Amino acid sequence: MTETGATLLHAPRADDDDLARLLLIRHFELALLDLFGRGELNGTTHTCLGQEYVPVALRRLLTEADFVFGNHRGHGHYLARFDDPAGLLAEIMGREGAVCGGVGGSQHILRDRYVSTGVQGESLPVAAGVALHLKRTEPGTLACVFIGDGTWGEGAVYEALNLASLWRLPLLVIVENNGIAQSTPTTRQMAGTVRARAEAFGVRHHGIESSDLSTIRAELAPLVSEVRIEGRPLVAEFATHRLGPHSKGDDTRDPEDVRQARAGDWYRLYGEADPERFARADEAQRAHVDAIVRDVSARPPSRWEP
Ligand SMILES: Cc1ncc(C[n+]2csc(CCOP(=O)(O)OP(=O)(O)O)c2C)c(N)n1
């Protein structure tokens, strides 16, 4: 059991494409930590290590016409949507080929129908507005927004849920409940539950305990379809865990909690389920990311064209 109560100790499976995407995100973020350690990156970074399977599971339930709103822990959100690690790394390093000219960094990205923000809670009202627009102009599409459990401390979340329910907006809220917000365990800052809060606004809630992509997709597919077709907003809450610190070097958790999170890591579970195929895919993505780091590091600085 994780600190959020997740039971992830079963053998999950992924096809080659999904496995490659999971491992790409894992090695991309490990490379970021390495670059930071070598003084090659400025600012900070929030890795989604341990949570990669959430956006990877979602990617086949979403279409290019849907909007996706990522958050501060958003590398996985971006890489699950775009096979563009070089563009993202260039953005983070401020090098040529950067997705947003190198001025957005890892937290503030705008590309096609993908938007991310480092400001907690900011995205939900914006996503609700976009969902209203989509309902009127492109029926069948939706706005999907990723938030953490700690972001339920922002009032804007409730304003957005209220209108999404009242106006029947095609809004899909993905909650990555990793049991902690920066240094505050969820149990010490949240009264009640995410489910009760969503249901208080008449918004359907679905909890997900698994890290198995096909299980997640089978559970969510009919609900996501209702979001699209009936304009019935949904809060899907993943009981997950982050392996690393909040950002860099600021881990206040009990070492036993970290040990438990590592024990339930999808990387270990997928590896044990299919060791040889996993090892090949793992090595391929490690080499792929190494090559991208070499390529992007050698590029000249990015230039921002307003
Ligand atoms: C409005 C606002 N307040 C504070 C912060 C600083 N901050 C960044 S992430 C974070 C905690 C977020 O916790 P949670 O929503 O649970 O997401 P997690 O980091 O666990 O993925 C805080 C307090 C912020 N980015 N925005």
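For ligands, and for the atoms within them, numbers begin at 1 and follow the listed sequence. None of the values given here were measured: they were computed from a predicted structure.
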Open item on the list: Closer than 4.0 Å to some heavy atom of Gly150 - which atoms of ligand 1 meet that?
Closed with: 14 (P), 15 (O), 16 (O)
Task: Backbone of Leu169 reached by a side-chain donor or acceptor of Arg232 within 3.5 Å - done: no
- [ ] With heavy atoms of Arg73 as the reference, note each atom of ligand 1 found under 4.0 Å away.
- [x] 18 (P), 19 (O), 21 (O)
Task: Check: Ile25 main-chain N/O paired with Glu52 side-chain donor or acceptor under 3.5 Å - done: no
Open item on the list: Yes or no: does Gly118 have any heavy atom under 4.0 Å from an atom of ligand 1?
Closed with: yes
Open item on the list: Can you confirm, on distance only, whether ligand 1 has an N/O atom lying under 3.5 Å from any N/O atom belonging to His72?
Closed with: yes
Open item on the list: Could you tell me if His205 and Glu237 have a donor-acceptor pair between their side chains, going purely by distance under 3.5 Å?
Closed with: yes
Task: Residue list, salt bridge (charged side-chain N to carboxylate O under 4.0 Å, His left out) with Asp282, at least two apart or on another chain - done: Arg286
- [ ] Compute the centroid of each ring, for Phe146 and then for Phe69, and state whether the two points are separated by less than 6.0 Å.
- [x] no
Open item on the list: If I take atom OG from residue Ser123 and atom NE2 from residue His72, how far apart are they, to the nearest 0.5 angstrom?
Closed with: 10.5 Å
Open item on the list: Below a 4.0 angstrom heavy-atom separation, can you tell me which part of Ile180, side chain or backbone, both or neither, approaches ligand 1?
Closed with: backbone
Open item on the list: Please list, in number order, the atoms of ligand 1 under 4.0 Å from a heavy atom of Asn178.
Closed with: 18 (P), 20 (O), 21 (O)
Return a table of donor-acceptor pairs under 3.5 angstrom between the side chains of residues 36-47 and protein atoms on other chains or two or more places apart.
| residue | atom | partner | partner atom | Å |
| --- | --- | --- | --- | --- |
| Arg38 | NE | Asp34 | OD2 | 3.2 |
| Arg38 | NH2 | Asp34 | OD2 | 3.2 |

- [ ] Could you pull out, from Gln107, Glu154, Gln120, Gln182, the option with a heavy atom nearest to atom 12 (C) of ligand 1?
- [x] Gln120
Task: Enumerated ligand 1 atoms positioned under 4.0 Å from heavy atoms of Ala181 - done: 13 (O), 16 (O)
- [ ] Would you tell me which option among Thr151, Thr186, Val157 has the nearest heavy-atom contact to atom 15 (O) of ligand 1?
- [x] Thr151
TODO: Number the atoms of ligand 1 from 1 as they appear, then name those within less than 4.0 Å of a heavy atom of His246, with their elements.
DONE: 9 (S), 10 (C), 11 (C), 19 (O)
